[in-house]
Protein chains: 2
Amino acid sequence: MTRVLVVDDEPQITRALVINLKARKYEVDAAPDGATALQLAAARHPDVVVLDLGLPDMDGVEVIRGLRGWTRVPILVLSARHSSDEKVEALDAGADDYVTKPFGMDELLARLRAAVRRAEPTGGGEDDVIVTTEDFTVDLAAKKVNRDGRDVRLTPTEWHLLEVLVRNTGRLVGQKQLLQEVWGPSYGTETNYLRVYMAQLRRKLEADPSHPRHFVTEPGMGYRFER
Amino acid sequence: MTRVLVVDDEPQITRALVINLKARKYEVDAAPDGATALQLAAARHPDVVVLDLGLPDMDGVEVIRGLRGWTRVPILVLSARHSSDEKVEALDAGADDYVTKPFGMDELLARLRAAVRRAEPTGGGEDDVIVTTEDFTVDLAAKKVNRDGRDVRLTPTEWHLLEVLVRNTGRLVGQKQLLQEVWGPSYGTETNYLRVYMAQLRRKLEADPSHPRHFVTEPGMGYRFER
DNA sequence: GACGTCCTTGACGCAACCCTGACGCCGCGA
DNA sequence: TCGCGGCGTCAGGGTTGCGTCAAGGACGTC
């Protein structure tokens with residue numbers, strides 16, 4: 001869930017923003033002044049900040065600098081001042097976007113989405129999703145399978161089949177579904193393909209291929225991957 | 001030097017932008033229509049795109065989608081249309097900012113700086129810039145490859161290919177992705193390019209080019225760089 | 001205008017992969 | 001006990017994909 005920090009001293013604007021954001025499943029914190037904003041930002045680590053420049057206790061640009069001192073969280077500035085200098089100052093201080101009041105709620109939300117989208121992949125470390133079993137590990141992002149410290153080579157079809165099963169860990173995947181996801185929508189009855197490739201996977205990954213622990217057959221129905 | 005791609009069909013606006021940008025030490029390419037824009041973006045890999053939505057040959061939003069298919073380069077939209085829907089559509093298609101004409105040059109430049117700054121790599125300590133293997137080292141920032149104490153000469157395409165692979169060290173990079181990132185979005189099936197250039201890289205960098213250790217082929221899927 | 005560099009393109013041999021059919025095993029019901 | 005359907009295994013053959021080489025063309029430099 002995306003967390004938004006709204007900083008504005010005008011209650012009606014804050015309220016309008018909070019209502020609209022919450023309706024769209026954002027988690028919202030609100031601060032009426034700069035000091036509270038900086039404090040809340042530190043405590044709650046929002047994913048995006050909507051900041052009105054006209055605050056009672058300090059200059060909005062100072063809030064931007066205060067945030068930029070330790071975080072790259074996207075900052076969307078809201079301001080009644082149309083002057084070009086104001087915009088330039090705020091943007092160069094580290095703001096990501098500048099919207100002048102009165103603003104359209106749709107546009108603001110779109111700009112907010114853009115800011116969040118931009119920050120997502122770069123923001124945190126890009127951790128690969130790795131599925132681990134007692135016998136081997138599967139790295140879905142890197143397309144790597146490791147067993148006893150050695151990388152296991154899989155053919156495209158083998159990998160594709162493994163991927164579908166792992167993405168449904170613990171769930172039964174029907175034969176028809178497997179065939180269609182791996183071989184294409186026009187397949188659905190060629191269960192011999194499944195038998196052959198399932199055997200390959202087991203031979204490459206199971207400790208005892210003839211008594212599979214992880215690639216379980218559900219007779220007449222399909223297969224299931226268990227960790 | 002920051003490279004900017006300006007896309008606009010009105011010569012006077014293009015000229016004004018080009019003059020202002022060049023005066024501020026930006027490297028500037030200009031395209032009068034969408035097709036040229038996509039082509040130039042692929043060929044020159046700009047650091048930021050300034051895009052007018054009103055183009056003669058195709059819808060500006062389509063240009064955004066075309067770019068977003070293979071790159072995350074910041075896109076700053078320029079438009080005469082003030083409608084909220086237009087803005088929302090462009091932003092949701094992947095634009096980073098939306099400025100309505102007439103615009104102030106100062107503001108536009110400030111927004112451009114903000115977009116570029118945002119895209120910069122995280123943090124100041126860039127220790128990932130030099131990748132070392134047993135056989136050679138790659139300096140991504142300096143665009144240099146060193147082997148046995150000597151710099152290796154790489155052609156632009158060779159370097160580009162190497163760069164994509166190194167930035168995904170350990171991860172499998174699909175052949176389509178490689179083609180699109182190196183040759184441009186309209187490529188995707190010309191796998192013979194990959195074969196030729198991968199052979200060049202191996203000949204220049206691998207200790208035993210016929211038994212590559214670092215540039216691994218995953219048949220039917222793509223290639224992987226291993227340290 | 002000659003030269004060199006780089007990108008593109010085609011051809012060829014070879015290895016790897018995918019498909020296919022045959023066979024045996026097992027569990028279940030007649 | 002026999003028949004049957006579903007599953008696992010194996011091996012062969014057609015096809016695809018990869019590595020390699022070499023030639024042609026575009027481009028810039030001297």
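Atom NZ of A:Lys204 is surrounded by more than 12 heavy atoms from other residues, nucleotides or ligands within 6.0 Å.
With rounding to whole Å, A:Arg203 atom CZ is found 7 Å from D:dT9 atom P. In this structure, the CE atom of A:Met198 is 14 Å from the P atom of C:dC18, given to the nearest Å. The separation between B:Glu158 atom CD and C:dT5 atom P is 13 Å, rounded to whole Å. Distance CG (B:Leu179) to P (D:dG17): 14 Å, rounded to an integer number of Å. Here the C1' atom of nucleotide D:dG19 and the CG atom of B:Leu201 are 14 Å apart, to the nearest Å. A straight line from CG of B:Leu161 to P of C:dC6 spans 15 Å, rounded to a whole angstrom. Put simply, NE2 on B:His211 is 12 Å from P on D:dG19, counting in whole angstrom units. If you take CG of B:Leu194 and P of C:dT8, they are 11 Å apart, rounded to a whole angstrom.
Ionic pairing of A:Lys144 and B:Glu226 is present here: one or more N-O contacts between side-chain nitrogen and carboxylate oxygen are shorter than 4.0 angstrom. A salt bridge does not link A:Lys143 to B:Glu218: none of the charged side-chain nitrogens sits closer than 4.0 Å to a carboxylate oxygen. With salt bridges taken as basic N to acidic carboxylate O contacts below 4.0 Å, one links B:Lys101 and B:Asp8.
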Step-by-step salt bridge (Lys or Arg N to Asp or Glu O under 4.0 Å) determination, B:Arg68 to B:Asp96: CA-CA 11 Å; B:Arg68 280 290 172 265; B:Asp96 289 76; 2.8 Å; yes
From CA spacing to verdict: side-chain contact (heavy atoms from CB on, under 4.5 Å), B:Tyr193, B:Val182: CA-CA 10 Å; B:Tyr193 292 10; B:Val182 177; over 6 Å; no
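Here the shortest heavy-atom pairing between B:Ala119 and B:Pro74 reads CB-CG, 3.7 Å.
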Base versus backbone protein contacts along nucleotides 25-30 of chain D [heavy-atom cut-off under 4.0 Å; B, S, -]: ------
Sequence-aligned protein contact record of nucleotides 19-30 of chain C, with B where the base is within under 4.0 Å of a protein heavy atom and S where only the sugar-phosphate is: SB----------
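Looking only at side-chain heavy atoms (C-beta outward), A:Trp159 and A:Val145 come within less than 4.5 Å of each other.
Side chain of B:Arg153, nearest nucleotide from D:dT20, C:dC6, D:dC7: C:dC6. The B:Thr155 side chain lies nearest to C:dC7 when the options are D:dC7, C:dC7, D:dG19.
One finds no side-chain N or O of B:Ser210 lying less than 4.0 angstrom from the OP1 or OP2 phosphate oxygen of D:dG19. A sub-4.0 Å separation between OP1 or OP2 of D:dC7 and a side-chain N or O of A:Gln175 is present.
At the heavy-atom level, B:Tyr223 lies under 4.0 Å from the strands shown only through sugar-phosphate atoms.
Remark: the backbone N or O of B:Met105 is not paired with any side-chain donor or acceptor of B:Asn20 at under 3.5 angstrom.
Note that CZ of B:Arg81 is 13.0 Å distant from NZ of B:Lys87, once rounded to the nearest 0.5 Å.
B:Thr137 and B:Asp139 share no donor-acceptor pair across their side chains, judged by distance under 3.5 Å alone.
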Dot-bracket summary - DNA chain D, pairs being Watson-Crick or G-U whose distances fall under 3.5 Å, with | when paired to another strand: ||||||||||||||||||||||||||||||
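The aromatic rings of B:His214 and B:Phe136 lie perpendicular to each other, with more than 60° between the two planes, well past the 30° mark.
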